[in-house]
Structures are given as C-alpha cells and as structure tokens.
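In what follows, a structure is listed as structure tokens, so that the remarks can point back to it.
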Amino acid sequence: MNTSESAGGPGRQTSSDRDGTEKLNWIDRRREKIRAEIERNRRGDYTVPTWVLAVALALIVGAWLGLILFLG
C-alpha cells in the first residue's frame, strides 16, 4: 500500500487543479469581503450590528431601572 498517494501525493488532484482556478488566500478573501461591504454601505444596504443593538437596549433598560430606583 502506497500511503503517499492516498494522503494527497502526486496522484491526487486538488480542487484548484480540477477547475483551473487558484484558491484565494485569506487576505484576498478578506479584501473582497471589505469591498463588498463598502459597496453595500454606499447603496444604503447597511445594517446595524447585533451587539450595538444589544448595548443600546441594555443602556435604555438600565437607565429606566435607575430612574425607578432613584426616584422611587
């Protein structure tokens, strides 16, 4: 049994060999993701991150409870 062929040796084709395109490394993927986000924001398709909404809700509820405890 030849383990080098079964473990990805010279007889094995990778996905980039099969379709003829090179895989983008993580830097290129990150740049493309940032470009796409900037284009969405310029079109007005931006969304507020969930953590920002959670912090805003916590501040509102905290202020409300603070007023009740302080004035009550």
Side-chain angles (χ1 to χ4, degrees):
M1 181 167 131
N2 190 352
T3 58
S4 65
E5 285 185 7
S6 63
R12 183 175 178 186
Q13 288 183 344
T14 61
S15 61
S16 63
D17 293 339
R18 278 180 264 151
D19 37 351
T21 58
E22 281 190 43
K23 289 179 72 175
L24 296 175
N25 62 13
W26 71 272
I27 294 174
D28 292 335
R29 288 192 309 264
R30 179 71 179 149
R31 283 186 186 140
E32 186 58 36
K33 188 175 180 181
I34 291 171
R35 282 189 192 109
E37 183 177 353
I38 290 171
E39 289 175 8
R40 281 194 310 270
N41 290 345
R42 287 181 179 166
R43 286 192 311 261
D45 296 340
Y46 59 90
T47 57
V48 179
T50 305
W51 67 268
V52 174
L53 296 174
V55 168
L57 178 63
L59 289 174
I60 291 170
V61 171
W64 182 72
L65 288 173
L67 284 174
I68 290 174
L69 293 176
F70 181 69
L71 296 177

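If you read the sequence from its start, that first residue is 1, and numbering goes on from there.
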Taking it one step at a time, do E32 and R35 satisfy salt bridge (Lys or Arg N to Asp or Glu O under 4.0 Å)? CA-CA 5 Å; E32 186 58 36; R35 282 189 192 109; 3.8 Å; yes
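To the nearest 0.5 Å, atom CG of residue N41 and atom OG1 of residue T47 are 8.0 Å apart.
With respect to E37, the side chain to side chain contact (heavy atoms under 4.5 Å, CB included) criterion is satisfied by exactly one of R40, K33, E39: R40.
Considering only heavy atoms from C-beta on, L53 stays 4.5 Å or farther from L57 through its side chain.
Note on W64 and L67: separate hydrophobic clusters, where clusters join Ile, Leu, Val, Met, Phe, Trp and Tyr whose side-chain heavy atoms are under 4.5 Å apart, directly or indirectly. Cluster membership check: V48 shares its hydrophobic cluster with V55, using side-chain heavy-atom separations under 4.5 Å among Ile, Leu, Val, Met, Phe, Trp and Tyr.
Other residues, nucleotides and ligands contribute only 12 or fewer heavy atoms inside 6.0 Å of the CZ atom of R42.
Residues passing the side-chain contact (heavy atoms from CB on, under 4.5 Å) test with I27 are N25, R31, sequence neighbours excluded.
Alongside I34, the hydrophobic cluster contains I38 (criterion: ILVMFWY side chains under 4.5 Å).
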